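Every value quoted in this text rests on a predicted model; they were computed, and no experiment measured them. Here is the naming used below: chain letters follow the sequence lines, and residue numbers restart at 1 for every chain.
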2 protein chains.
Amino acid sequence: MKPIKEDRRVRMTKLILRDSLLELMKKKSINKITPTEICRQADINRNTFYSHYSSPYDLLMQIENALYEEIRQSIEQSLKAENISALLQEICQSIVKNGELCRIMFSDHGDKDFLKRIIYIAHDKSIAEWKSFTRHSDTEQLELLYTFTANGSVAIIQDWVQTGMKTPPGEIARFIEKASNHGLEAFLSPR
Amino acid sequence: MKPIKEDRRVRMTKLILRDSLLELMKKKSINKITPTEICRQADINRNTFYSHYSSPYDLLMQIENALYEEIRQSIEQSLKAENISALLQEICQSIVKNGELCRIMFSDHGDKDFLKRIIYIAHDKSIAEWKSFTRHSDTEQLELLYTFTANGSVAIIQDWVQTGMKTPPGEIARFIEKASNHGLEAFLSPR
DNA sequence: ATTATAACGAACTGACTGTTGTATATTATA
DNA sequence: TATAATATACAACAGTCAGTTCGTTATAAT
């Protein structure tokens with residue numbers, strides 16, 4: 001994909017630009033951040049920015065893709081294990097590992113669809129697993145149910161990250177599973 | 001609140017600006033739409049725009065607030081009925097009534113938090129109803145569960161609107177209820 | 001030490017912003 | 001219908017930013 005190794009200066013420049021964008025994203029959303037602003041923050045010539053990225057959004061995408069790839073790889077074994085529960089937990093653990101970055105990415109100024117992209121890694125496996133449970137496999141309805149649970153899960157994780165990831169990842173994963181599988185019912189009066 | 005009646009010219013100007021913004025929102029998001037662009041579309045002087053709105057976002061907020069108010073009022077009676085199920089259905093029906101507008105507002109270029117705002121009308125009532133079902137009322141957990149179901153519901157409705165609102169509102173409301181109360185379990189093999 | 005190239009600095013065009021001042025048109029109403 | 005109020009149009013302003021170009025300087029790779 002990439003050339004064997006980038007020039008040391010290039011690596012440094014990209015690193016600074018990356019950090020500068022993330023710093024700015026603590027205060028405002030990507031669509032309010034200008035190239036000029038990033039370069040001011042980074043103390044780097046605007047020209048140099050354009051020689052590496054076409055826009056702030058382009059820079060953000062490269063940051064997101066790198067994080068996505070990292071998370072995807074760290075859950076690869078769980079994907080093979082065919083175990084949704086383990087997969088969910090692995091995702092949460094990966095998020096903890098990249099805590100600082102995730103806190104920015106999942107904040108109000110972050111990309112709201114990025115986390116959804118991660119959760120959707122589990123899509124095919126979930127649908128398949130669900131289908132194995134039932135005979136009347138109404139695919140359309142299961143897809144709709146996946147939309148429901150995926151978006152619910154995203155919201156839970158987002159809330160969890162934004163409030164400092166206090167509860168352990170395993171607990172969050174278990175909560176999501178309960179809510180997905182049994183809904184309100186799972187949280188009613190003691191049996 | 002408002003003066004008794006606005007000048008006829010003002011009413012017309014605002015209407016045109018509103019329609020022009022919505023027209024543009026079919027193609028791009030609010031943060032990419034400039035005042036200049038709206039005025040070009042509306043064939044109205046930029047000056048005039050600024051005498052009514054401070055920004056495209058300001059205009060959008062006024063559109064949203066009006067829609068929000070309309071929906072809120074039409075479900076007011078359901079709120080009194082203390083019936084979450086009826087409330088959900090009423091929300092879906094209101095959306096159908098404002099179909100064209102909602103299709104824009106809930107699209108990819110729309111405001112992703114607006115629908116969430118509507119769903120959250122049901123927040124207090126839901127939590128209260130849930131609490132009445134259980135003795136061990138762990139409020140924090142119920143709040144988390146509400147986050148889960150609310151965001152799942154928003155996604156379902158969004159999907160429903162974007163795909164042309166083919167299924168009747170009652171059916172959508174019922175699906176959401178099933179998913180919220182029983183999760184996957186509700187859709188498994190026939191009993 | 002030499003060569004390649006990354007980063008810088010300055011300058012340019014074009015677009016849009018938010019504001020001001022003035023002229024023109026339309027409305028409300030007496 | 002004449003008059004006063006005011007909404008809109010038109011024109012011009014300084015300021016910011018976007019991308020791009022070109023020549024210079026600095027730094028890395030070999």
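Around CD of A/Glu69, the count of heavy atoms belonging to other residues, nucleotides or ligands within 6.0 Å exceeds 12. Annotation for A/Gln73: atom CD counts as buried by contact number, over 12 foreign heavy atoms lying within 6.0 Å. The local environment of NZ in A/Lys26 is crowded, with over 12 non-hydrogen atoms from other residues, nucleotides or ligands closer than 6.0 Å.
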Tabulate atom names and distances for all N/O pairs under 3.5 angstrom spanning the protein and nucleotides 28-30 of chain D.
none

Collect all protein-nucleotide pairs involving nucleotides 10-12 of chain D in which both atoms are nitrogen or oxygen and the distance is under 3.5 Å.
from: D/dC10; atom 1: N4; to: B/Asn47; atom 2: ND2; distance (Å): 2.5

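Side chains of B/Phe49 and B/Pro56 form a contact here, defined as non-hydrogen atoms less than 4.5 Å apart.
Each ring pair (Phe, Tyr, Trp, His ring centres under 6.0 Å) pair with one or both residues in residues 65-117 of chain A, not counting sequence neighbours, would appear here, but there are none. Sorted by first and then second residue, the salt bridge (charged side-chain N to carboxylate O under 4.0 Å, His left out) pairs involving residues 157-179 of chain B (not counting sequence neighbours) form an empty list. Applying the ring pair (Phe, Tyr, Trp, His ring centres under 6.0 Å) definition to pairs two or more places apart or across chains, those involving residues 155-180 of chain A are A/Phe175-A/Phe187. Pairs of residues two or more places apart, or lying in two chains, that qualify as salt bridge (charged side-chain N to carboxylate O under 4.0 Å, His left out) and include a residue from residues 33-62 of chain B are B/Lys28-B/Glu37.
Direction change of the helix axis from one end of the helix from C/dA1-D/dT30 to C/dA30-D/dT1 to the other is 40°, with five pairs defining each end axis (rounded to 10°).
Nucleotides of DNA chain C with any atom under 4.0 Å from a heavy atom of chain B span, from 5' to 3', C/dC16 to C/dA28.
Between the side chains of A/Asn98 and A/Arg103, no donor-acceptor pair is found at a separation under 3.5 Å.
Two different hydrophobic clusters hold B/Ile44 and B/Val10 under the rule that ILVMFWY side chains link at heavy-atom gaps under 4.5 Å. In terms of hydrophobic clustering, with Ile, Leu, Val, Met, Phe, Trp and Tyr side chains grouped at heavy-atom distances under 4.5 Å, A/Leu24 and A/Leu15 are assigned to different clusters.
For A/Glu129, the salt bridge (Lys or Arg N to Asp or Glu O under 4.0 Å) criterion is met by no residue, not counting sequence neighbours. Qualifying salt bridge (Lys or Arg N to Asp or Glu O under 4.0 Å) partners for A/Glu70, counting only residues two or more places apart in sequence or in other chains: none. In this structure B/Glu143 satisfies the salt bridge (Lys or Arg N to Asp or Glu O under 4.0 Å) test with no other residue, sequence neighbours excluded.
B/Tyr146 and B/Tyr120 have perpendicular rings, their planes meeting at more than 60° on a 0 to 90° scale where under 30° would count as parallel.
Of the residues in residues 31-43 of chain A, A/Thr34, A/Pro35, A/Thr36 come within less than 4.0 Å of DNA chain D through at least one heavy atom, sorted by number.
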